J.: 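Questions regarding the structure given below will be posed in turn.
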Amino acid sequence: MIEIENFSKKYNLHDKNFSVKNVCIRVNDGQIAALLGPNGSGKSTLIKSVCGFHYPTEGYIKLSSPDGQHSELNASDLTGNPMQLCGYVPEKANLPQNMYVYNFLYEKASCHKNITEPQKTVNEIIKSFSLEDAASKKISGLSKGFQQRVSFAQALIHNPSNLILDEPFSGLDPAQSAKIRDSIKRLAAKRSILISTHNFAEIRDICSKIYILNKGLIVAEGTESEILKKTGASTLEQAFITLTGNSSEEVNS
């Protein structure tokens, strides 16, 4: 479970303005939720806070752990390491290009205290993401689609209960997007997944709940049909434009 409750964040404590204000998001175990918003709406702030790169100014974040317990992160106390409880796939893979795939994944596995057999774990994750043919290759020699698979593998190598995906379909061709989409569906069976994206077509097929963020505030939430009913729009794209004031060009950028 990913629970963001009354979350507010400002980077300058002397500034009266918040980057994100009073945001509430809940993603249950086994659920895939989408976070939509124009550039500068606060999506990155939320994503980075869930991953523990910084913490809330106000409010808290709870993440479920594999044993069903919850870790509470708040403004005054960071309990534990959030990255032990969640996997993060950034928009740009940001992988060490000169490393071999197997060596990179082995190094990542060795960093997690819950992994007692790194070699076995790496072999399993390589099989899970069909990386057998890529394991002995340098990352620099892989296509974007294969690099995205490696990025997913490193995020899931410690079997986290929560998965954060930042624009997972960016730059992929239709066949690659289909493979990633199938992987996300499969992964959701045992974890909660929050996707930050601009890709309306992809989330329509896999997400059961949508949050639309604008200027640091949640302006709509619910299923696609609920959001369409609220806005009177005929498509999710039109609803997004109505709620955020962004042009279609900005939506698709």
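All values derive from a computational prediction rather than experimental measurement. All residue numbers refer to positions in the sequence shown, counting from 1.
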J.: Rounded to the nearest 0.5 Å, what's the gap from OH on Tyr55 to NZ on Lys48? Could you check?
T.: 16.0 Å

J.: Tell me if a side-chain donor or acceptor on Thr231 pairs with a main-chain N or O of Ala239 at a distance below 3.5 Å.
T.: no

J.: Checking the side chain of Lys43 only, and the main-chain atoms of Gly37 only, is there a donor and an acceptor separated by less than 3.5 Å?
T.: yes

J.: Check whether any side-chain heavy atom of Arg204 sits under 4.5 Å from a side-chain heavy atom of Leu236, and report yes or no.
T.: yes

J.: Val50 versus Ile4: any side-chain heavy-atom pair under 4.5 Å?
T.: yes

J.: Hey, is Glu226 close enough to Lys209 for a salt bridge, meaning N to O under 4.0 Å?
T.: no

J.: Other residues, nucleotides and ligands only: do more than 12 of their heavy atoms fall within 6.0 Å of NZ on Lys190?
T.: no

J.: Test Phe240 against Phe200 for ring pair (Phe, Tyr, Trp, His ring centres under 6.0 Å), laying out the working first.
T.: CA-CA 10 Å; Phe240 182 92; Phe200 296 97; 5.4 Å; yes

J.: Roughly how far apart are Ser161 OG and Leu85 CG, rounded to 0.5 Å?
T.: 7.0 Å

J.: Taking the side chain as every heavy atom from C-beta outward, state whether Lys10 and Lys16 have any atom pair closer than 4.5 Å.
T.: no

J.: I need the minimum non-hydrogen distance between Ala33 and Cys207, along with the two atoms involved.
T.: C-SG, 4.1 Å

J.: Measure the spacing between CG of Leu46 and CG of Leu194 and express it to the nearest 0.5 Å.
T.: 8.0 Å

J.: Salt bridge (Lys or Arg N to Asp or Glu O under 4.0 Å), that's the test. Do Lys230 and Glu221 meet it? Break it down for me.
T.: CA-CA 10 Å; Lys230 173 183 177 180; Glu221 65 178 89; over 6 Å; no

J.: For Pro168 and Phe152, which heavy atoms make the closest approach, and how far apart are they?
T.: CB-CZ, 4.3 Å

J.: Can a donor-acceptor pair be found between the side chains of Thr121 and Glu117 at a distance below 3.5 Å?
T.: no

J.: Using distance alone, with no hydrogens and no angle criterion, decide if Gln31 and Ser192 have a side-chain donor and acceptor under 3.5 Å apart.
T.: no

J.: For Lys185 and Ile32, which heavy atoms make the closest approach, and how far apart are they?
T.: CA-CD1, 4.4 Å

J.: Which atom pairs, donor and acceptor, lie under 3.5 Å between side-chain atoms of residues 102-115 and protein residues at least two apart or in another chain?
T.:
residue, atom, partner, partner atom, Å
Ser110, OG, Tyr106, O, 2.9
Asn114, ND2, His158, O, 3.2

J.: Of the non-hydrogen atoms in Thr45 and His54, which two are nearest, and what is the gap between them?
T.: O-NE2, 3.2 Å

J.: Answer yes or no: is there a side-chain heavy-atom contact under 4.5 Å between Ile218 and Ile212?
T.: no

J.: So Leu187 and Leu163, do their side chains get closer than 4.5 Å, heavy atoms only?
T.: yes

J.: Could you tell me if the side chain of Phe7 sits less than 4.5 Å from the side chain of Ile61, heavy atoms only?
T.: yes

J.: Identify, with sequence neighbours excluded, every residue that meets side-chain hydrogen bond (donor to acceptor under 3.5 Å, both in side chains) alongside Arg191.
T.: Asn159

J.: Quick one: does Ser151's side chain get under 4.5 Å of Pro90's, heavy atoms only?
T.: yes

J.: Got Leu213 and Thr244 here, is their nearest side-chain heavy-atom distance under 4.5 Å?
T.: no

J.: Roughly how far, to the nearest 0.5 Å, is the CD atom of Gln119 from the CD atom of Glu124?
T.: 11.0 Å

J.: Could you measure the distance from the OG1 atom of Thr197 to the CD atom of Glu91? Nearest 0.5 Å is fine.
T.: 8.5 Å

J.: Okay, side chain of Asn162, backbone of Met1: is any donor-acceptor separation there less than 3.5 Å?
T.: yes

J.: In plain terms, say whether Lys92 and Asp166 are close enough for a salt bridge, that is, a side-chain N and a carboxylate O under 4.0 Å apart.
T.: no

J.: Only one of Ile47, Val89, Ile195 forms a side-chain contact (heavy atoms from CB on, under 4.5 Å) with Ile164, so which one is it?
T.: Ile47

J.: Determine all donor-acceptor pairs shorter than 3.5 Å in which one atom belongs to a side chain in residues 125-146; sequence neighbours excluded.
T.:
residue, atom, partner, partner atom, Å
Ser128, OG, Arg186, NH1, 3.4
Ser140, OG, Gln97, O, 3.4
Ser143, OG, Phe146, N, 3.3

J.: Verify salt bridge (Lys or Arg N to Asp or Glu O under 4.0 Å) between Glu5 and Lys62, making sure each step is shown before the conclusion.
T.: CA-CA 8 Å; Glu5 185 69 27; Lys62 286 184 177 180; over 6 Å; no

J.: Rounded to the nearest 0.5 Å, what separates atom OG in Ser41 from atom CG in Asn214?
T.: 7.0 Å

